[in-house]
Amino acid sequence: MILSIESSCDDSSIAITKIDTLEVIYHKKISQELEHSVYGGVVPELAARLHAKALPDILEETKKYFPTLKAIAVTNAPGLSVTLVEGVTMAKALSISLNLPIIAVNHLYGHIYSLFIEKKALFPMTILLVSGGHTQVIDASGYNDFTTIASTMDDSFGESFDKVSKMMGLGYPGGPIVEKMAKDGDEKRFNFTVPLMNSPKIAYSYSGLKNQARLKVLEFGCEITKQDICDICASFQRVAVTHLVHKLKKIFKTKKIKDFAIVGGASANIYLRKTIQSLCDEFDANLHVAKLEYCSDNAVMIGRCAVEGYKREDFIDFEKIDVLAKIRK
Ligand code: KG4
Ligand code: ZN
């Protein structure tokens, strides 16, 4: 079995996965959403302190599995360096004390493997990764064989939902809140412009759209009603998703995509899932999504990716493992 640890942002999570059957034997996640909510976003120092408390608490529950472990897997990049180091330090300590190899897992690859929890991996696939830190379209050909074909030039998709929520004082994380408010809103009321509509670039940009929402909120000032907020959320969500789909359509037109997937925390968005399902229907592609519980950060996806690493003996010397806030291209 592999014990995996995830602490790249605001979720402390540990999982245990069986190498031969891919079965998830244990999984626990402690989220810090409540603690960060008052600040409208993740406060790295606070997140690190909360991981330092939560990770050992969870680990305590896994002690009975220690004799059956074959490796320790840990997210080492990308993420917040002060929180990544909490997981990596725990992995090093376990590696030394239990004499086990370490598998370093890239968080983004972990999200891709959230599609294959308790099942065989399927490649090739084109994947849209939408999380709080990333918006990327990735061509996935096999284990660790991933090529980014489009990414955001500024804010990420999930982050723009967080910011829009924050500017209306709705709380954190903004994605699920904005999606919920949007259900009661009129998505056509505000005609925000779709980013990069006339640009040939296959890329994303969310800072301009976020700013359009901000200006609308300012225009209402303290007169803003609950209905105005719902309408802003609905109009923003429609344009944010239209932007994703507009560029994806260009990609679908350039090559035959048989299998397409959406991963990352924001892939839980039902409006997004429905819209991408229509796109896949149009181009005769199969749409793959992870189970809702594995869309947001978790150690199960890290463990699933590590099973592939284990089979290839992709181990890292515990003295050489380092945390990387950003991946060099
Ligand atoms: O993958 P994740 O848990 O953490 C990162 O790796 O960043 O993604 C979290 C992000 C947050 O920005 C959150 O607001 C967004 O995913 N998110 C959503 C939804 N649920 C979570 N965005 C839009 N709609 C949602 N339903
Ligand atoms: Zn993530």
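Read the numbers this way: they start at 1 and go in the same order the structure lists the ligands and their atoms. Just so it is clear, the model here is predicted, and its values are computed rather than measured. Count residues from 1 along the sequence. Keep in mind that the numbers below use all heavy atoms, side chains included, and drop hydrogens, waters and symmetry copies.
Taking the ring centroids of Phe283 and Phe260, they lie at or beyond the 6.0 Å cut-off. Residues Tyr39 and Tyr172 place their aromatic rings such that the two centres sit no closer than 6.0 Å. For Phe157 and Phe161, the distance between ring centers is under 6.0 angstrom.
Residues Leu94 and Ile5 form a side-chain contact, since some pair of their non-hydrogen atoms from C-beta on lies under 4.5 Å apart. Between Gln237 and Glu179 there is a side-chain heavy-atom pair separated by less than 4.5 Å. A heavy-atom distance below 4.5 Å is found between the side chains of Ile232 and Ile224. Using a 4.5 Å heavy-atom cutoff, the side chains of Pro56 and Met90 are in contact.
Where the criterion is an N or O separation shorter than 3.5 Å, residue side chain and backbone included, Gly158 meets it with respect to ligand 1. For a threshold of 3.5 Å applied to N or O pairs, the pair formed by Gly264 and ligand 1 contains no separation below that value. Between Phe161 and ligand 1, no N or O atom pair is found at a separation short of 3.5 Å. Residue Ala268 places no N or O, backbone or side chain, under 3.5 Å from any N or O of ligand 1. Taking distance alone, with nitrogen or oxygen atoms compared against 3.5 Å, Ser296 stays at or beyond that limit from ligand 1.
The distance from ligand 1 to the heavy atoms of His111 drops below 4.0 Å at these ligand atoms: 1 (O), 6 (O). The ligand atoms of ligand 1 that sit less than 4.0 angstrom from a heavy atom of Gly133 are 7 (O).
Of all the heavy atoms of His107, the ones lying under 4.0 Å from any atom of ligand 1 belong exclusively to the side chain.
Under a 3.5 Å cut-off, the side chain of Arg238 and the backbone N or O of Phe192 do not form any donor-acceptor pair.
Using cut-offs of 30° and 60° for the angle between ring planes, the Phe116 and Tyr113 rings count as perpendicular. Phe190 and Phe220 have perpendicular rings, their planes meeting at more than 60° on a 0 to 90° scale where under 30° would count as parallel.
Residue-and-atom listing of protein N/O/S atoms under 2.8 Å from the Zn ion (ligand 2), sorted by chain and number: His107 NE2, His111 NE2, Asp297 OD1.
By the 4.0 Å heavy-atom criterion, Pro176 is counted among the residues contacting ligand 1. Residue contacts with ligand 1: Gln237 is excluded, as none of its non-hydrogen atoms falls under 4.0 Å.
Atom 23 (C) of ligand 1 has as its closest protein heavy atom Gly175 CA, 3.5 Å. The protein non-hydrogen atom at the shortest distance from atom 9 (C) of ligand 1 is Gly132 N, 3.7 Å. Among protein heavy atoms, atom 2 (P) of ligand 1 sits closest to Asp297 OD1, 3.3 Å. Distance from atom 17 (N) of ligand 1 to its nearest protein heavy atom, with residue and atom name: Ala266 CA, 3.7 Å. Ranking protein heavy atoms by distance to atom 14 (O) of ligand 1, first place goes to Asp162 OD1, 2.7 Å. Counting protein heavy atoms only, atom 21 (C) of ligand 1 is closest to Gly265 O, 3.4 Å. If you check which protein heavy atom lies closest to atom 24 (N) of ligand 1, you get Asn269 ND2, 3.0 Å. Protein heavy atom nearest atom 26 (N) of ligand 1, with residue, atom name and distance: Glu179 OE1, 2.7 Å.
Applying the under-4.5 Å side-chain rule to Ile, Leu, Val, Met, Phe, Trp and Tyr, the cluster around Val105 extends to Ile2, Ile19, Leu22, Val24, Ile103, Ile117, Tyr294, Val300, Met301, Ile302, Val307, Tyr310, Phe315.
For the 3.5 Å distance criterion, the side chains of Asp162 and Ser165 fail to qualify, holding no donor opposite an acceptor.
With sequence neighbours excluded, no residue forms a salt bridge (charged side-chain N to carboxylate O under 4.0 Å, His left out) with Glu223.
When each of Lys28, His27, Lys29 is paired with Ser13, the side-chain hydrogen bond (donor to acceptor under 3.5 Å, both in side chains) condition holds for His27 and for no other.
Sorted by first and then second residue, the side-chain hydrogen bond (donor to acceptor under 3.5 Å, both in side chains) pairs involving residues 49-60 (not counting sequence neighbours) are Ser12-His51, Lys53-Asp57, Glu60-Lys63.
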